[in-house]
Amino acid sequence: GASPSGADGGGSTPHLPSESHGPSRVLESLVNVANRETKEIKRMIFRQIRCHHCKQGGHPGGNKADIELTLPAIQVQWLRQVSANCGHDSVDKTMRIILDFYPSLTNLKDGEALERKL
């Protein structure tokens, strides 16, 4: 799964990704958006099961690729807290939920709402 680097505990130094770290910047922006959501929306994002591939004959758990991402330490801490509070298997799972949730909104009629949030 995707793993945030610099996530080795309390001693990591916040690292803001450079332009060359496009995927990290995207995740950083999406984590900021998720963190600004209301409690009700956060509950929907992190606790509501939206993946029903197993009922459609897909592979349980889906296909995953390992990538390394760099996030500020404060965001890694927030992701760990969300992961623990929601009972996710890992922080990787919490990140995949964010990465799956927000792009799915672009399929909605009002894709401009997502653009305004970012």
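FYI, the numbering just counts along the sequence from 1.
Qualifying side-chain hydrogen bond (donor to acceptor under 3.5 Å, both in side chains) partners for Asn32, counting only residues two or more places apart in sequence or in other chains: Gln75.
For the atom pair OG1 (Thr38) and CE (Met44), the distance works out to 8.5 Å, reported to the nearest 0.5 Å. Once rounded to the nearest 0.5 Å, the distance linking CG of Leu27 with CZ of Arg96 reads 12.0 Å. Taken to the nearest 0.5 Å, the CG atom of Asp92 stands 8.0 Å off from the CG atom of Asp66. The line from CD1 of Ile45 to CZ of Phe101 is 4.5 Å long, rounded to the nearest 0.5 Å.
For Leu69 against Ser24, the heavy-atom pair with the smallest separation is CA-OG, 3.4 Å. His88 and Phe46 make their closest contact through NE2-O, 2.9 Å (heavy atoms, listed as atom of the first residue, atom of the second, distance). Residues Met95 and Leu79 approach most closely at CG-CD1, 3.7 Å, considering heavy atoms. Nearest heavy atom pair, residue Trp78 against residue Ala34, reads CH2-CB, 3.9 Å.
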Original post:
Going through the distances and angles, do Val82 and Lys42 end up as a side chain to side chain contact (heavy atoms under 4.5 Å, CB included)?
Top reply: CA-CA 9 Å; Val82 170; Lys42 286 178 184 174; over 6 Å; no
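Side-chain atoms of Thr94 and Cys86, non-hydrogen and from C-beta on, never get closer than 4.5 Å to each other.
Remark: the backbone N or O of Ser90 is paired with a side-chain donor or acceptor of Ser83 at under 3.5 angstrom.
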